[in-house]
A.B. asks: 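Here it is, the structure, as structure tokens.
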Amino acid sequence: MVRPVIIITGSILASEDSLEELRRLSVEHVVRSRQEPGCLSHGVHQDVENPLRLVFFERWANMDAVRAHFAVPESGAFVKRAGELAESTSDLELYQASPIG
């Protein structure tokens, strides 16, 4: 039986002054998040068209895992600090998707 997964996307636009710190914080957040129950994948990528934009792509086993992820104090601290450093953030988007096959 193929089970649906939850996909989360989002991005942060850094300033030239904040890019390195945002990259460092984002990588720390991603590495930590990958260890959480229900995390299937979690990554941050630098936009090749706009190197100041960091793009997040996550896959979670279910909404319970997503809720638990957002409840982790370190996740909240990351969101708060990233928001302070960012020029702007995109809306987080959550999707439920069923893998093919």
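The first residue in the sequence is number 1, and the count goes up from there.
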A.B. asks: Less than 4.5 Å apart, any side-chain heavy atom of H42 and any of H29?
C.D. replies: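 They are in side-chain contact.
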A.B. asks: Tell me the closest heavy-atom pair linking G38 and A65, and the distance in Å.
C.D. replies: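 Nearest pair, atom of G38 first, then A65: CA-CB, 3.8 Å.
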A.B. asks: Answer yes if V79 and L92 sit in the same cluster of Ile, Leu, Val, Met, Phe, Trp and Tyr residues linked by side chain heavy atoms under 4.5 Å apart, and no otherwise.
C.D. replies: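 Cluster IDs for V79 and L92 differ.
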A.B. asks: Can we say E20 and R24 salt-bridge, meaning some charged N sits less than 4.0 Å from an Asp/Glu carboxylate O?
C.D. replies: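 Looking at E20 and R24, the cut-off is not met.
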A.B. asks: Is the closest side-chain donor-acceptor distance between R32 and S75 under 3.5 Å?
C.D. replies: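 Present: a donor and an acceptor within the cut-off.
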A.B. asks: Less than 4.5 Å apart, any side-chain heavy atom of W60 and any of I8?
C.D. replies: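 Yes, side chains in contact.
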A.B. asks: Does Y95 belong to the same Ile/Leu/Val/Met/Phe/Trp/Tyr cluster as V5, with side-chain heavy atoms less than 4.5 Å apart forming each link?
C.D. replies: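 Hydrophobic grouping puts Y95 with V5.
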A.B. asks: Taking A14's backbone N and O only, do any of them form a donor-acceptor pair with S18's side chain (distance below 3.5 Å, no angle check)?
C.D. replies: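 Not a single qualifying donor-acceptor pair exists.
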A.B. asks: Could you report the tightest heavy-atom contact between I7 and F57, atom names first, then the distance?
C.D. replies: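 In terms of heavy atoms, the two residues are closest at CG2-CE1, 3.5 Å.
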A.B. asks: For C39 and H69: C-alpha separation, side-chain torsions, deciding distance, then whether side chain to side chain contact (heavy atoms under 4.5 Å, CB included) applies.
C.D. replies: CA-CA 9 Å; C39 181; H69 169 65; over 6 Å; no
A.B. asks: Nearest heavy-atom pair of F56 and S11: which atoms, and what distance?
C.D. replies: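 Minimum heavy-atom contact is CD1-CA, 4.4 Å.
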A.B. asks: Does any part of the side chain of Q46, heavy atoms only, come nearer than 4.5 Å to the side chain of R23, both counted from C-beta?
C.D. replies: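 Side chain of R23 against side chain of Q46, heavy atoms only: contact under 4.5 Å found.
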A.B. asks: So if you build clusters from Ile, Leu, Val, Met, Phe, Trp, Tyr with side-chain heavy-atom gaps below 4.5 Å, do L22 and F78 land together?
C.D. replies: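 L22 clusters together with F78.
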A.B. asks: With no hydrogens and no angle check, is any side-chain donor or acceptor of S15 less than 3.5 Å from a backbone partner on E87?
C.D. replies: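 Between the backbone of E87 and the side chain of S15 there is no qualifying donor-acceptor contact (under 3.5 Å).
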A.B. asks: Please give me the minimum heavy-atom distance between S26 and V44, naming the atom from each residue.
C.D. replies: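 Taking every non-hydrogen atom into account, CB-CG2, 4.0 Å.
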A.B. asks: List the atom of N62, the atom of I6, and the distance in Å for their closest heavy-atom pair.
C.D. replies: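 Residues N62 and I6, closest heavy atoms: C-CG1, 3.7 Å.
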A.B. asks: Are V31 and L54 connected into the same hydrophobic cluster when the rule is that any two of I, L, V, M, F, W, Y join if their side-chain heavy atoms are below 4.5 Å apart?
C.D. replies: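 Yes, one cluster joins them.
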A.B. asks: In terms of hydrophobic clustering (I, L, V, M, F, W, Y; side-chain heavy atoms under 4.5 Å; direct or indirect links), are L85 and L13 co-clustered?
C.D. replies: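 Same hydrophobic cluster.
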A.B. asks: Before giving the answer on side chain to side chain contact (heavy atoms under 4.5 Å, CB included), spell out for E21 and R81 the whole-Å C-alpha distance, their side-chain angles and the decisive distance to 0.1 Å.
C.D. replies: CA-CA 10 Å; E21 185 172 358; R81 184 64 181 138; 3.4 Å; yes
A.B. asks: Any chance CD of E16 has more than 12 other-residue heavy atoms, nucleotides or ligands included, within less than 6.0 Å?
C.D. replies: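 Result for CD/E16: open.
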A.B. asks: Which pair of heavy atoms, one from A82 and one from I12, lies closest together, and at what distance?
C.D. replies: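 For A82 and I12, the tightest heavy-atom pair comes out as CB-CD1, 3.8 Å.
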A.B. asks: Measure the spacing between CG of D64 and CZ of R67 and express it to the nearest 0.5 Å.
C.D. replies: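 Atom-to-atom, D64:CG and R67:CZ are 5.0 Å apart.
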A.B. asks: Can you list every salt bridge (charged side-chain N to carboxylate O under 4.0 Å, His left out) pair that touches residues 38-61, not counting sequence neighbours?
C.D. replies: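 Checked against salt bridge (charged side-chain N to carboxylate O under 4.0 Å, His left out) - neighbours excluded - no pair reaches residues 38-61.
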A.B. asks: Under the salt bridge (Lys or Arg N to Asp or Glu O under 4.0 Å) test, which residues partner R34, sequence neighbours left out?
C.D. replies: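 R34 satisfies salt bridge (Lys or Arg N to Asp or Glu O under 4.0 Å) with no other residue.
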